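First up is the structure itself, then whatever we jot down about it.
Since this is a predicted model, take the numbers as computed values, not measurements. Start at 1 with the first residue, then count along the sequence.
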Amino acid sequence: MPYFCDEPTVLSFSGGRTSAYMLFQAIQAHGGELPSYVKVCFANTGKEMLQTLEFVEECAINWGVDITWLEYTGKKSYKVTDYNNASTNGEPFDQLTTDKSYLPNMVARFCTSELKVLTIDRYMKDHGYDEYQTMVGIRADEPRRVAKMRSKENYLVPLADEKISKKDIYNFWQENYFDLNMPNRGGINDFGNCDLCFLKGGSLKLSIIEQYPEKADWWISQEKKINGLFRSDQASYEQMKIIATDQGGFDFGNDETIPCFCGD
């Protein structure tokens, strides 16, 4: 049973449909209740879509599972929070760029490692788990990501083991009694969890800004604070906001969104 854990494990919950499906299956594999040595952690960057935060809380309530909300608060520090007190204006992310004095980019994607991976690791070690497994929601139809995780020690990819595809995720949520309040295009949420993540393709970011122009402001402020760009191969966020709100249309071609640990 790939979802069953007989040793300390952290289930890394991104707040998306795929990792929520994994969480549900893990709960079922343990007879409806996770053992105390299995922790479910959601690391909030402060830039998640509000629908993501609502969905995390719905999963906890509807499935009766304890989800620990974590936030980066500075170098090697974090805090435990909850749905009602979670940051929603990028505070953890802003603290990270202040600490680093430069922006994450295509080469140094430290936002994922610091805000999520290391924050969860610090929490686990502070709670007596110096050694533990990490369960991540990566599907079988994401072979490169699967291979990367399999190469790491103590990482579990049960969805890949079960040959779960985005079609399976789509079908599950179509039949479920609650769902993430964001587009479900064949099991994929195009918007992702982190609202204007620099790994997203330019066209997707412009589409999001066109619908939610205010979401560009935080990213604009970060580029101005550091006096740099998240990506040198795309327009600045300030330029993208001008383009997206110009009513003239835009076309970035088939630029690709690059997946990361934050979303699923």
Side-chain angles (χ1 to χ4, degrees), residues 14-16 42-56 70-75 78-79 81 85-119 181-183 189-263:
S14 73
F42 169 64
N44 179 39
T45 69
K47 290 308 297 169
E48 277 76 15
M49 300 288 283
L50 293 180
Q51 295 94 323
T52 297
L53 305 186
E54 293 167 357
F55 184 57
V56 173
L70 302 172
E71 290 184 1
Y72 173 95
T73 56
K75 295 178 180 178
Y78 68 91
K79 69 177 181 180
T81 186
N85 297 289
S87 298
T88 57
N89 196 34
E91 294 90 341
F93 206 148
D94 176 66
Q95 182 62 54
L96 177 61
T97 58
T98 297
D99 292 342
K100 291 284 190 180
S101 298
Y102 69 102
L103 300 173
N105 53 66
M106 300 296 285
V107 176
R109 290 158 54 175
F110 58 80
C111 47
T112 298
S113 59
E114 289 287 349
L115 296 174
K116 292 183 173 287
V117 179
L118 292 176
T119 293
N181 188 26
M182 293 181 73
N189 166 24
D190 291 341
F191 279 13
N193 297 325
C194 185
D195 55 22
L196 288 171
C197 174
F198 63 91
L199 295 176
K200 291 178 179 177
S203 294
L204 177 55
K205 286 204 283 278
L206 287 170
S207 177
I208 294 171
I209 296 171
E210 186 177 38
Q211 297 177 62
Y212 306 100
E214 72 284 354
K215 291 193 179 299
D217 296 339
W218 183 90
W219 299 87
I220 292 170
S221 72
Q222 292 297 301
E223 291 190 329
K224 288 185 175 180
K225 179 180 80 171
I226 301 298
N227 191 27
L229 299 176
F230 283 95
R231 287 184 67 163
S232 59
D233 62 335
Q234 290 183 352
S236 70
Y237 281 90
E238 186 170 35
Q239 291 170 324
M240 282 191 279
K241 185 174 182 180
I242 294 171
I243 295 168
T245 56
D246 188 35
Q247 306 298 320
F250 49 83
D251 182 12
F252 271 46
N254 294 318
D255 56 332
E256 183 182 4
T257 290
I258 301 169
C260 84
F261 184 87
C262 295

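- Donor-acceptor pairing under 3.5 Å is lacking for the side chains of Asn193 and Glu48.
- Under the 3.5 Å distance criterion, the side-chain polar atoms of Glu223 are left unmatched by any main-chain donor or acceptor of Ile220.
- When all heavy atoms of Cys111 and Phe93 are compared, the closest pair comes out as CB-CZ, 3.7 Å.
- With hydrogens and angles disregarded, no donor-acceptor distance shorter than 3.5 Å links the side chain of Glu71 to the backbone of Ala43.
- At least one donor-acceptor pair closer than 3.5 Å links the side chain of Tyr237 to the backbone N or O of Leu196.
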Discussion item. Checking Leu96 against Leu115 for the side chain to side chain contact (heavy atoms under 4.5 Å, CB included) test, could you report, in this order, the C-alpha distance in whole Å, the side-chain angles of both residues, the deciding distance, and whether it holds?
Written reply: CA-CA 8 Å; Leu96 177 61; Leu115 296 174; 3.7 Å; yes
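- If you take CD1 on Ile209 and CD1 on Ile242, they are separated by 10.5 Å, rounding to the nearest 0.5 Å.
- In terms of heavy atoms, Pro92 sits closest to Ser87 at CD-CB, 3.6 Å.
- For the residue pair Thr97 / Gln222, a side-chain donor-acceptor distance below 3.5 Å is found, with atom types taken as modelled.
- The shortest non-hydrogen separation linking Ser14 to Phe42 is O-CE1, 3.3 Å.
- When each of Met240, Lys241, Gln234 is paired with Leu206, the side-chain contact (heavy atoms from CB on, under 4.5 Å) condition holds for Met240 and for no other.
- Using modelled atom types, one finds no donor on one side chain facing an acceptor on the other under 3.5 Å when comparing Glu54 with Asn181.
- At least one donor-acceptor pair closer than 3.5 Å links the side chain of Asn105 to the backbone N or O of Leu103.
- For Lys79 and Glu91, the salt-bridge test fails: no basic side-chain N is under 4.0 Å from an acidic carboxylate O.
- Within the 3.5 Å criterion, the main-chain N or O of Cys194 finds a donor-acceptor partner in the side chain of Lys200.
- Here OG1 of Thr81 is found 7.5 Å from CG of Asn44. Values are rounded to the nearest 0.5 Å.
- At distances below 3.5 Å, at least one donor-acceptor pair connects side-chain atoms of Thr73 with backbone N or O atoms of Tyr78.
- Between the side chains of Tyr72 and Asp99, at least one donor-acceptor pair of N or O atoms lies under 3.5 Å.
- Considering only heavy atoms from C-beta on, Trp219 stays 4.5 Å or farther from Lys205 through its side chain.
- In Lys224, the NZ atom is not crowded: 12 or fewer heavy atoms of neighbouring residues, nucleotides or ligands sit closer than 6.0 Å.
- In this pair, Tyr102 and Phe110 present their aromatic rings perpendicular. The plane angle is above 60°, beyond the 30 to 60° band.
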Discussion item. Evaluate Lys75 against Glu114 for side chain to side chain contact (heavy atoms under 4.5 Å, CB included), listing each step before the verdict.
Written reply: CA-CA 9 Å; Lys75 295 178 180 178; Glu114 289 287 349; over 6 Å; no
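- Between the side chains of Lys47 and Thr88, no donor N or O sits under 3.5 Å from an acceptor N or O.
- At least one donor-acceptor pair under 3.5 Å links the side chain of Ser236 to the backbone N or O of Gln239.
- Although no hydrogens or angles enter the test, the distance criterion places a donor-acceptor pair under 3.5 Å between the side chain of Thr98 and the main chain of Asp94.
- Other residues, nucleotides and ligands contribute over 12 non-hydrogen atoms within 6.0 Å of the CG atom of Asp233.
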